[in-house]
Protein chains: 2
Amino acid sequence: MHLVNGKIGFVPPYHHGDLRRALLSSAVDMITEHGPAGVSLRELARRAGVSNAGPMHHFKDKAGLLTALAAEGFTLLAETLTATRERTDSFVELGVAYVRFAVEKRAHFEVMFRPDLHHPDDPALTEARELAGAALAGGVEDVGDRHTGPDRRIAGVAAWSLVHGFATLWNTRNLDPELGDDPEELARRVAAVLFGQRG
Amino acid sequence: MHLVNGKIGFVPPYHHGDLRRALLSSAVDMITEHGPAGVSLRELARRAGVSNAGPMHHFKDKAGLLTALAAEGFTLLAETLTATRERTDSFVELGVAYVRFAVEKRAHFEVMFRPDLHHPDDPALTEARELAGAALAGGVEDVGDRHTGPDRRIAGVAAWSLVHGFATLWNTRNLDPELGDDPEELARRVAAVLFGQRG
DNA sequence: CCTCCAAACTTGTCAGTGACAAGATTGCGT
DNA sequence: ACGCAATCTTGTCACTGACAAGTTTGGAGG
């Protein structure tokens, strides 16, 4: 039996060490388990071994938490996309990379495109989003050269819509199970429909 | 001053008349205002002028409510799509109809593709979903005739992904505002990228 | 016309939640 | 050694979804 601060028993240190990271990481777990709505600040605090309102100092809101997660997600996506572009200049592969990200980092992905869950004008989020947008748009330009002027932008929207729609439908299990269980391989074939033999 | 049932004052009728419809309709309003998470059974009851647990008799759950709404949505979508196919055999127009539905019936659309909000094996929902799926797949076949065998299915997935992704990105305001404010016209141009001059 | 039953609603209650205010504790710079 | 700012705690509020048990109603069958 210990005497600590005049009280009996174990008294945890007042400071957690790296609460912020711990919270973000636990939030990812909770989202993959129960979706973004299933994130509870209290449960989060519980998992981190911290009191109810502990998290609120790092993210003043629940929306603050999810905003931070979305920003992290856009940063990761940007890294993935630029890495892919350095490896190959095939748009299909860029699309596959987008889908792979959506599937592997599903928790992040689910939060990234839901502005209703964000603090919309958070600077970190905006910056990260623009970074990712640039990485994607740049890759599409490489392949859009059969289109001119405004058509190039439209082609970009089409490409984005295609991979985003596919990723969404896959993640929400809305695609026919007969199509197989390998999202990457399927994504490759689907993306090829848009860009054909051009790559 | 009235004497009703031995009590003084106004006593509302015990039976609402058409609570179920009123609830579904109010739910649509609440979703368009605050998203699916912003639906509260109590607020719903309040708007219908009914007690807290009133709704629970019609939809035993919150999930039950949203399931019914999703089923209604799939039915509406199926009607829209088949009506479009009778009007024209252009796939682009079918895609535009899909997008128009997603934008006009946004509340329904947001709920339809989120199985985490449903009672997954509800028969009414399953049936309605299959109906809509058939209407969409049938339309894609009309245009997929340059592909053979399994490729036709892949083309269908690509088409669905494209319009679904576009609708999602549009609704979540993730598309560049410079692209204009007319989703239908934009959707037409985007869909044309996939199916070119073929229609 | 009566009776009774199932459907439609109410009342009361419970645990869990997000948000906030005010206080306690810590470490760091000076 | 001091004090300040960042970090975490405690206590509280209004709100929510879910359920159990009771009340009312319309209508079907006698």
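Order of the sequence lines fixes the chain letters, A, B, ..., with proteins taken first and strands second; residue numbering starts at 1 for each chain.
For A:Ser40 and C:dG18, the shortest distance from a side-chain N or O to OP1 or OP2 is below 4.0 Å. Contact check, B:Ser51 against C:dC9: no side-chain N or O comes under 4.0 Å of OP1 or OP2.
Following rounding to the nearest Å, A:Leu19 (CG) and C:dT25 (C1') show an atom-to-atom distance of 15 Å. Going from atom CG of B:Asp18 over to atom C1' of C:dA8 covers 13 Å, rounded to whole Å. Straight-line distance from the CZ atom of B:Arg46 to the C1' atom of D:dA14: 11 Å, rounded to whole Å. When rounded to the nearest whole Å, the span between CZ of A:Phe59 and P of D:dC8 equals 11 Å. With rounding to whole Å, A:Arg47 atom CZ is found 15 Å from C:dG16 atom C1'. For B:Asn52 and D:dT16, the CG to P distance is 9 Å, given to the nearest whole Å. Atom-to-atom, NZ of A:Lys62 to C1' of C:dA19 comes out at 12 Å; the value is rounded to the nearest Å. Rounding to whole angstrom units, CG of residue A:Leu44 and C1' of D:dT9 are separated by 17 Å.
Between A:Glu185 and A:Arg188, none of the side-chain N atoms (NZ, or NE/NH1/NH2) sits under 4.0 Å from a carboxylate O, so this pair counts as no salt bridge.
For B:His57, taking side-chain heavy atoms from C-beta onward, the closest of the listed nucleotides C:dT10, C:dA19, C:dA7 is C:dA7. Taking every side-chain heavy atom of B:His58 into account, C:dA8 is the closest of D:dA18, D:dA20, C:dA8. Here the nucleotide nearest the side chain of A:Asp61, chosen from D:dT16, C:dA19, D:dA6, is C:dA19. Picking from C:dC9, C:dA21, D:dG17 the nucleotide with the shortest atom distance to the side chain of B:Val50 gives C:dC9. Of the candidate nucleotides D:dC19, D:dA18, D:dT9, D:dA18 has the atom lying nearest to any side-chain atom of B:Leu41. Residue B:Arg42 places its side chain closer to C:dT13 than to any other of C:dT13, D:dT12, D:dG11. Nearest to the side chain of A:Met56, among D:dT9, C:dA19, C:dT17, sits C:dA19.
Centroid-to-centroid, the aromatic rings of B:Phe59 and B:His119 stay 6.0 Å apart or farther. Ring centroid separation for the pair A:Phe74 and A:Phe101 does not come in under the 6.0 Å cut-off.
Within the 4.5 Å cutoff, side-chain heavy atoms of A:Leu169 are placed close to those of B:Ser161. Residues A:Asp176 and B:Arg153 have side chains in contact (heavy-atom distance under 4.5 Å, counting atoms from C-beta outward).
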